[in-house]
A.B. asks: 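Sharing a structure with you now.
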Amino acid sequence: MEKHYDLVVIGAGPGGYMTALYASKAGKRTAVIERSHVGGTCLNCGCIPTKTYLHTTGLYREVKKTEAAGLHTEGLRVSMEELKKRKDAVVEELRAGIEKQLAAAKVDLYRGTGVVCGEHLVKVMPGEEEVTADYILLAAGSEPSSLPIPGMDLPGVKNSTQMLEEECVPDRLVIIGGGVIGMEFATVYNDLGCQVTVLEAMDKILPGMDKEISQNLKMIMKKRGVDIHTGATVSSVEKMGDGTYLCRYTEKERTYEAPAALILSAVGRRPLSRGLFSEDMQERIEMERGRVLVNERYETSVPGIYAVGDLIGGVCLAHVATAEGCQAASAMFPELKGKDMTVIPSCVYTDPEIACAGLTADEAKAAGIDTVTGKYIMSVNGKSVLSMQDRGFLKIVSEKETGRILGAQLMCARATDMIGELELAISKRLTAEDLAAVIMPHPTFCEGIGEAAESLII
Ligand code: FAD
C-alpha cells in the first residue's frame, strides 16, 4: 500500500538523516530510505572511523613524547586488531544513536534502495514498495573513485573504505593522493610504525589549502619519516613474485618505483547518482559528470526534488551536507530556518591539526580586497610548550580599511576545536579589535587567537 509523506529522503548520511530530523521538528511527516547503514560515509567509513584511529595513534605519539617529561611507559604498543574493534564499536554505538533519534522523531526508516520514479514517487527496491511525498530530497552521497591506470584492481590496492577494514599494519604503505584523506591515513600509519610514501600529482600536498600550511605539513611529516613526493604522477601498479607491490610514478620527467606491501588509493570521490532514477526521471534531472545540478535553493531541474551533500559536489564535507540539508528544508518548509552558508570551515586531523575558514590572504587579494594578516607562532604559547606540541601558527586575515576579519588559517594543536570562534567572528563581521578585546583564559591554546588579533591592531 502506498504511503504519503511531506518529505521523503534518499540516503541516511549527514545530509539525509539530519534533514529528516530537522523537518520532523516542524511536525512534517518524514521518511528516510537507506540501502546500507544509517550514518552514511561519514559514520561508517569516513569522519568517525578515521578520527577514532587518529585519536588512539595520536595518544600513542603523545605518550611516547612524554617519556622526556618523566612519564615512563615500558611495553607501550598499539594493537591494530583491537583498534579496529574499538572503531567498529564506536560506529555501532553511533548508528544505534541515529536510529533511536529517528524513531523518537517518528521518522520512518525504510531499508532498501530508493529509486525516484516520478516527481512525487519513490520506489524502495528490491520489494518495489511505493512511497509518495510532496517533496523528495536526494542525499545519496559519493563513492571512492580510482585512477584509470593498470593495476588499480589488484587485491593489494585499497580505497579508504577497504583500508578501514584492515587488521594488520603493513611494513610499507604507498598512498596515492596527498589530499585530506591521504594525509590523515599517512598520519595514522606513520604513528603505527609503517614506512609511508605519499605520491601526489599536484605541486603540493593538501592542494587547495593555504600554501604555508601545505609546506609546513610536508616538512613536519618528512621529519617524522614520511616519504612525500609532489608533482608525482602514478602510471601503474604491479604485483611482484613475493606478493608485494611496485608503484611506478614519474617525477620531474624521471620514472621511479615505490615498493609497498599495501597501496591506498586516495584520489577523490565521485557522486553516487547511478541507479537513483527511473529512465524517464533520469532524462529530466540535469546532471554533470554524475553530479546532480541544483539551484541556490538546492532544488534540481525537477520542481519539488531537492539534492544536497556529496551528490551535488562542491565542498564535500559532512557539516556542509547537513547545512545544505537545512537550507533545502527551509526552502521546502518556510517555517524552518536555514544556515549561514557564507563561512564554511574545513579541518584536517593531521598532527598538528589544520583548520581554515573564510578567505586566505591570496584569495582576498585575488578578489581585489586589501588585507593585513596577523600571525602568532605557537612556540611561545605556554600551553603549546608545556604539552610538548610541535611548532604551529595561527593566521587571521583582516580587511585593511575596516579591520573586519575575513578569514583564519590555523595549524596547531586543537585547531579544529578553535576554528568555531573565528568562524563566528567572520560571520558576525567582527573586527580584529573586537576579537582582541576578549579576555582569553590562561594557559590555553586559544590565547593564540587573541594574540594574532592583537598583532593586527598594534
Ligand atoms: P553520505 O554520507 O555518503 O551518505 C549517503 C547515504 O546514502 C549512504 O548511507 C548510502 O548508503 C545511501 N544511499 C546511496 N544511494 C542510495 C539509494 N539509492 N537508496 C538508499 N540509500 C542510498 N567530512 C568531514 O566533514 N569531516 C571529516 O573529518 C571527514 N573525514 C572523511 C574521511 C574519509 C575517509 C572520507 C571518505 C570522507 C570524509 N569526510 C569528512 C567526508 C564526509 O564523509 C562526506 O562529505 C559526507 O558523508 C557526505 O554526506 P552525504 O549525506 O552527502 O552522503
Side-chain angles (χ1 to χ4, degrees), residues 8-20 31-55 87 91 95 98 109-117 122-126 129 131 136-145 158-165 175 177 179-188 264-278 281 290-292 298 307-325 328 344-350 353-355 416 419:
V8 163
V9 178
I10 300 183
Y17 88 84
M18 290 291 281
T19 311
V32 180
I33 304 167
E34 173 55 58
R35 68 178 182 190
S36 177
H37 296 290
V38 295
T41 302
C42 171
L43 173 53
N44 296 288
C45 52
C47 328
I48 299 296
T50 50
K51 273 74 216 178
T52 307
Y53 281 2
L54 281 157
H55 174 73
K87 180 266 289 179
V91 171
R95 270 184 205 150
I98 292 173
L109 176 61
Y110 288 81
R111 301 283 183 180
T113 299
V115 180
V116 181
C117 294
V122 179
K123 284 189 186 174
V124 186
M125 308 311 244
E129 188 173 356
V131 285
I136 295 171
L137 177 73
L138 310 173
S142 61
E143 60 186 351
S145 48
K158 311 282 178 188
N159 60 37
S160 59
T161 305
Q162 295 161 337
M163 198 69 197
L164 289 164
E165 294 308 309
I175 300 179
V180 176
I181 294 177
M183 295 318 293
E184 289 186 352
F185 272 100
T187 304
V188 166
L264 167 65
S265 163
V267 293
R269 296 179 65 84
R270 57 172 173 238
L272 242 175
S273 53
R274 212 174 345 101
L276 196 54
F277 307 103
S278 64
M281 286 309 288
R291 188 169 74 89
V292 172
Y298 297 94
V308 296
D310 285 12
L311 184 67
I312 64 167
V315 183
C316 292
L317 291 170
H319 47 272
V320 175
T322 302
E324 289 171 349
I344 292 176
S346 66
C347 297
V348 191
Y349 296 77
T350 44
E353 289 185 347
I354 295 163
T416 62
I419 196 70

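In listed order, ligands and their atoms are each counted from 1. Residue numbers count from 1 along this sequence. Worth knowing before you read on, the calculation uses all heavy atoms, side chains too, and leaves out hydrogens, waters and symmetry mates. Quick caveat, the model's predicted, so the values are computed rather than measured.
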A.B. asks: Which atoms of ligand 1 are found less than 4.0 Å from any heavy atom of A139?
C.D. replies: 5 (C), 6 (C), 7 (O)

A.B. asks: Of the protein's non-hydrogen atoms, which lies at the shortest distance from atom 48 (C) of ligand 1, and what is that distance?
C.D. replies: D310 OD1, 3.3 Å

A.B. asks: With a cut-off of 4.0 Å, which atoms of ligand 1 are near a heavy atom of L276?
C.D. replies: 18 (N)

A.B. asks: Taking NZ, NE, NH1 and NH2 as the nitrogens, is one of them in E165 or K87 under 4.0 Å from a carboxylate oxygen of the other?
C.D. replies: yes

A.B. asks: With sequence neighbours excluded, tell me which residues meet salt bridge (charged side-chain N to carboxylate O under 4.0 Å, His left out) with E353.
C.D. replies: none

A.B. asks: With sequence neighbours left out, what residues match T187 under side chain to side chain contact (heavy atoms under 4.5 Å, CB included)?
C.D. replies: L54, R61, D191, M221, T350

A.B. asks: Need the ligand 1 atom indices (1-based, order shown) with element for anything under 4.0 Å from a heavy-atom of T50.
C.D. replies: 32 (C), 34 (C)

A.B. asks: In the protein, which heavy atom is nearest to atom 15 (N) of ligand 1, and how far is it?
C.D. replies: A140 CB, 3.5 Å

A.B. asks: Starting from atom 28 (O) of ligand 1, find the nearest protein heavy-atom neighbour and note its residue, name and distance.
C.D. replies: K51 NZ, 2.7 Å

A.B. asks: Which residue owns the protein heavy atom closest to atom 53 (O) of ligand 1, what's the atom, and how far is it?
C.D. replies: G141 CA, 3.2 Å

A.B. asks: Just to be sure I'm reading this right: ignoring hydrogens, which of A318, C47, G15 gets closest to atom 51 (O) of ligand 1? Compare them by their nearest heavy atoms.
C.D. replies: G15

A.B. asks: With backbone taken as N, CA, C and O and side chain as the heavy atoms from C-beta onward, which portion of T113 lies under 4.0 Å from ligand 1: side chain, backbone, both, or neither?
C.D. replies: both

A.B. asks: As an exercise, identify every atom of ligand 1 less than 4.0 angstrom from a heavy atom of I10.
C.D. replies: 17 (C), 18 (N), 19 (N), 20 (C)

A.B. asks: Contact between C45 and ligand 1, counting heavy atoms under 4.0 Å?
C.D. replies: yes

A.B. asks: How close does the nearest protein non-hydrogen atom get to atom 11 (O) of ligand 1, and which residue and atom is it?
C.D. replies: E34 OE2, 2.7 Å

A.B. asks: Under 4.0 Å, heavy atoms only, figure out whether ligand 1 is touched by the backbone of S142, its side chain, both or neither.
C.D. replies: backbone

A.B. asks: How long is the span from the NE2 atom in H37 to the CG atom in L43, to the nearest 0.5 Å?
C.D. replies: 9.5 Å

